[in-house]
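Note that the numbering runs from 1 along the sequence shown for the chain.
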Amino acid sequence: MEILGSTLTSTYARPRPTPTNFLPAISTMASSYKNRFPHYTLSHSLSLPWRPSTYYKVASTTPTLAPKSKSAPGLSPAQILPFASNRTALFTRYSPDDWYKSNENNYRGSESSRRSAERLRADTSRLIQEKDQKTRRTQTDTSKDLGERVNDIVFWKSEIIHEIDQMIGETNALSDVKRRLERALAETEGPSQVTQECLYHREKRMSIDLVHDDVEKQLLQEVDSIKSCQERMRRHLDRTAAQLASNRAAQHELERDINDKQSAYRIDDKCQNLRNTSDGIGYYRGVERIDATISVPETWAKFSDENILRSQSERAASAKLREDVENLLNVTSNEMWNQFNRVNVMFTNRISETADAKNKLQSHLAKTLQEIFQTEMTIEAIKKAIKDKMAPMRVAQTRLDERTRRPNVELCRDTAQLRLVHEVQEIDDTVQVLQQRLREAEDTLQMLVHTKANLEHDLSIKANSLFIDQEKCMGMRKSFPSTPRLVGYT
């Protein structure tokens with residue numbers, strides 16, 4: 001079996017040697033004691049009663065038995081003092097006077113030490129009282145400062161909460177105006193589409209009716225007016241969206257500030273109510289040397305004041321923008337309604353003109369048809385007259401032909417002969433005149449028929465124009481939105 005520090009060997013074959021000295025050497029004992037328990041110096045402060053573990057340190061080495069030695073390690077034999085039993089002669093070291101003086105010195109030193117201790121105790125008691133009063137006074141002042149800080153936080157909290165409520169109300173009002181503006185912009189799509197459809201339908205007018213009239217001019221102006229209104233609405237929508245973003249950004253800063261102040265209020269209120277007997281207090285070594293502050297009271301108050309001023313500025317801009325949007329809605333509504341009425345008046349006038357023209361055309365067509373009928377009757381009469389001249393012509397020519405068969409001297413150019421020749425020539429001239437008149441009547445009839453065709457074509461054009469303007473265009477324009485819808489109300 002081995003023992004820590006040395007190895008024991010059994011000796012059964014020979015007797016155990018007798019030691020020369022009964023006790024080991026002093027140096028050996030000192031060395032043994034010295035090597036058995038190593039010494040460690042406390043490097044920690046002894047003024048930390050809340051950390052008892054600093055008083056102790058576990059030895060990191062295992063103690064061992066010192067070897068048997070008759071001399072201390074590191075010392076020469078001349079430095080080792082002999083025991084009294086080893087002295088060869090008796091001698092004294094001090095005299096009685098030295099003994100009395102030593103006692104007197106001890107008495108005087110004891111009295112001096114006691115007086116110093118008494119003064120120290122008195123000074124310490126007075127110091128303790130002064131420091132205790134100073135500590136209490138400092139703690140009271142600190143609690144007072146914390147209370148003032150809490151009051152400041154409460155004041156700014158109330159200001160910020162009031163501003164947040166105002167900003168929320170303004171943001172909601174601006175959002176309502178924005179929705180109205182969006183609805184009004186959507187409502188303008190209907191009139192714009194109607195106007196475009198009217199222009200497209202009027203492109204289907206035919207021939208001479210495809211004219212750049214006042215209606216078309218007003219329709220084009222209405223398109224421009226609606227596009228101008230839409231463009232202004234879109235610009236104000238963009239401004240409203242940007243203003244809403246600015247309002248929300250200012251509100252976010254206020255809400256972040258109020259959250260920080262709420263946290264600071266809870267912390268400072270808790271600190272103000274802490275007492276020496278409160279639960280949860282403890283030591284935090286070195287915390288007074290940590291400076292994590294990023295502001296001073298002036299910049300702290302300025303930060304909240306700037307947030308409130310920014311919010312007030314954004315609210316003022318938002319209110320001005322709401323007023324501008326309201327004015328814009330009223331102006332655009334009036335512009336579109338006025339232009340709508342002007343276009344309707346132009347449509348009414350154009351429809352009336354077209355209807356009058358159509359009525360006149362119908363009247364002329366009726367007269368033309370009557371004249372065609374009369375001309376046809378005249379042609380028939382001329383043809384009958386020409387036909388009626390055929391029999392007298394045949395009679396006269398037959399007479400002349402028969403008289404050419406008279407014999408010899410009987411072929412006399414008498415009055416009857418002359419009269420028959422004259423009759424044939426007269427009838428022939430009459431037929432020629434009647435045929436010329438027939439050709440003129442037929443030409444007139446053709447002209448009347450052509451006029452009739454033109455009138456009928458023009459009537460169809462006018463009927464088409466009336467149908468487009470009166471039925472299609474005016475029918476669509478009945479669906480123009482009302483004024484409340486044009487200003488964004490449903």
Flag the pair R136 and D132 as a salt bridge only when some basic side-chain nitrogen lies within less than 4.0 angstrom of an acidic carboxylate oxygen. yes

If you take all heavy atoms of K462 and T354, which pair is closest and at what distance? O-CG2, 3.7 Å

Check step by step if side chain to side chain donor-acceptor pair (under 3.5 Å) holds for Q243 and N247. CA-CA 6 Å; Q243 186 61 50; N247 288 0; 2.9 Å; yes

Salt bridge (charged side-chain N to carboxylate O under 4.0 Å, His left out) filter on K360, not counting sequence neighbours, yields none

Considering the options N327, V177, D176, which one meets the side chain to side chain contact (heavy atoms under 4.5 Å, CB included) requirement together with R322? V177

Within the 3.5 Å criterion, strictly below it, is a donor on R310 or N307 matched to an acceptor on the partner's side chain? no

Measure from the side-chain N and O atoms of D305 to the backbone N and O of A301, and report whether any donor-acceptor pair falls under 3.5 Å. no

Determine yes or no for a side-chain-to-main-chain donor-acceptor pair under 3.5 angstrom, with S228 supplying the side chain and D224 the backbone. no

CD on E118 to CG on D123, rounded to 0.5 Å: 11.5 Å

Over all heavy atoms of both residues, which pair between Q218 and V343 is shortest? Give the atoms and the distance, please. O-CG2, 3.5 Å

Nearest non-hydrogen partners of R239 and D324, listed with the distance: NH2-OD2, 3.7 Å

Are there more than 12 heavy atoms of other residues, nucleotides or ligands under 6.0 Å from atom CE of M206? yes

To the nearest 0.5 Å, how far apart are CG in N276 and CD in Q139? 4.5 Å

Quick one: side chains of residues 436-448, donor-acceptor pairs under 3.5 Å with protein atoms, not counting sequence neighbours, listed by atom name and distance.
| from | atom 1 | to | atom 2 | distance (Å) |
| --- | --- | --- | --- | --- |
| Q436 | OE1 | R439 | NH2 | 2.5 |
| R437 | NE | E440 | OE1 | 3.3 |
| T444 | OG1 | E440 | O | 2.8 |

Would you say the side chain of R266 lies within less than 4.5 Å of the side chain of S263, judging by non-hydrogen atoms? yes

Return yes if a side-chain donor-acceptor contact under 3.5 Å exists between R179 and S175, otherwise no. no

Quick check on the 6.0 Å ring-centre criterion: do W300 and F303 meet it? no

Within the side chain of S192, is there an N or O that forms a donor-acceptor pair under 3.5 Å with the backbone of T188? no

Lys/Arg-Asp/Glu bridge criterion (N-O < 4.0 Å) met for K178, E182: yes

So which atom in L220 and which in H212 form the shortest heavy-atom distance, rounded to 0.1 Å? CD1-CE1, 4.0 Å

Does the T378 side chain pair with the main chain of Q374, one donor and one acceptor, at a distance under 3.5 Å? yes

Mind checking whether E371 and T451 have side chains closer than 4.5 Å, heavy atoms only? no

Side-chain touch R248/H252, heavy atoms, less than 4.5 angstrom: no

Is a donor on one side and an acceptor on the other found under 3.5 Å between the side chain of Q362 and the backbone of L459? no

Taking D238 first and then R234, would you say they form a salt bridge - that is, a charged N and a carboxylate O separated by under 4.0 Å? no

Donor-acceptor under 3.5 Å (T299 side chain, V296 main chain): yes

Quick one, N464 and I461 - any side-chain contact, counting heavy atoms below 4.5 Å? no

Check: Q339/R342 side-chain N/O donor and acceptor closer than 3.5 Å: yes

With a 4.5 Å heavy-atom cut-off, do I208 and D458 have their side chains touching? yes

Return yes if some donor-acceptor pair links the side-chain N/O of T195 with the main-chain N/O of P191 below 3.5 Å, else return no. yes

Please examine the side chains of M474 and D469, heavy atoms only from C-beta on, and report whether any two atoms are closer than 4.5 Å. no

How long is the gap from CD on E306 to OG on S313, to the nearest 0.5 Å? 12.5 Å

Atom of G147, atom of Q272 and distance for their closest heavy-atom approach: CA-NE2, 3.4 Å

For S363, the side-chain contact (heavy atoms from CB on, under 4.5 Å) test, sequence neighbours excluded, returns K367

In short, V215 meets R350 closest at the heavy-atom pair CG2-CB, 3.5 Å

State, without any angle test, whether E326 and N330 hold a side-chain donor-acceptor pair at a distance under 3.5 Å. no

Among side-chain atoms of S311 and E163, is any donor-acceptor pair under 3.5 angstrom? yes

Quick one: does Q262's side chain get under 4.5 Å of I258's, heavy atoms only? no

Contact check, side chains of K261 and S304, non-hydrogen atoms, under 4.5 Å: yes

Please answer whether the main-chain N or O of H457 pairs with a side-chain N or O of S460 as donor and acceptor at a distance below 3.5 Å. yes

Is it true that a side-chain atom of S318 and a backbone atom of R315 form a donor plus acceptor pair closer than 3.5 Å? no

State whether the side chain of D257 and the backbone N or O of E253 hold a donor-acceptor pair below 3.5 Å, judged by distance alone. no

